[in-house]
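Notes follow the structure.
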Amino acid sequence: MLIRRKTSDVLRRVLDVVAGDWLSRGYLAVVFALLAWAWADASFFPYDDASLAAVVPALFTAPASLLFVLLPEGTEGSYFGLVTAAALLNATAITLLARTARSA
């Protein structure tokens, strides 16, 4: 029981830092909506040429998502994982900056 309590406390603290502000929650909602749009576009609409739908989430999560350029040619899973990680990193920065601005 004690381990579960510690785990939930740690998880609550991490979530508070990542998405503890309305700005960061809104940012994450927009990013995940863009990722859903990019996935739907890649899955359901075949193109003869390349679609630029996957570029929008990557640009929206820049500069952290620009690390995708450094990775070797990957799969869709690595793209979505990197954009998600970049979104979480940016949301953490938004939360910490908003808290700093409020306390100043």
| Can you list the residues that meet the ring pair (Phe, Tyr, Trp, His ring centres under 6.0 Å) rule with F45, with sequence neighbours excluded? | none
| Is there a donor-acceptor contact under 3.5 Å from the side chain of S43 to the main chain of A40? | no
| request: Drop me the distance from Y79's OH to L35's CG, to the nearest 0.5 angstrom. | output: 6.0 Å
| Quick one: do L28 and L23 end up in the same hydrophobic cluster if we chain Ile, Leu, Val, Met, Phe, Trp and Tyr together by side-chain heavy atoms under 4.5 Å apart? | yes
| said: Tell me whether W37 shares a hydrophobic cluster with L52, the cluster being built from Ile, Leu, Val, Met, Phe, Trp, Tyr side chains joined at under 4.5 Å. | reply: no
| task | Determine whether F80 and P57 make a side-chain contact, defined as any pair of heavy atoms from C-beta on separated by less than 4.5 Å. | result | no
| message | Hydrophobic cluster membership, with links at side-chain heavy-atom distances under 4.5 Å among I/L/V/M/F/W/Y: are L59 and L82 in one? | response | no
| field | Shortest non-hydrogen contact from S24 toward G20 | value | OG-N, 3.8 Å
Name the atoms and distances for all side-chain donor-acceptor pairs under 3.5 Å in residues 11-19, with sequence neighbours left out.
from: R12; atom 1: NH1; to: D9; atom 2: OD1; distance (Å): 3.4
from: D16; atom 1: OD1; to: R99; atom 2: NH2; distance (Å): 3.0
from: D16; atom 1: OD2; to: R99; atom 2: NH2; distance (Å): 3.1

Atom pairs and distances, donor-acceptor, side-chain atoms in residues 85-93, under 3.5 Å, two or more places apart:
from: N90; atom 1: ND2; to: Y27; atom 2: OH; distance (Å): 3.0
from: N90; atom 1: ND2; to: T61; atom 2: O; distance (Å): 2.8
from: N90; atom 1: ND2; to: A86; atom 2: O; distance (Å): 3.4
from: T92; atom 1: OG1; to: L88; atom 2: O; distance (Å): 2.8

| field | W39 with V30, same ILVMFWY side-chain cluster at under 4.5 Å | value | yes
| field | Joint cluster assignment, F60 & V83, ILVMFWY side-chain distance < 4.5 Å | value | yes
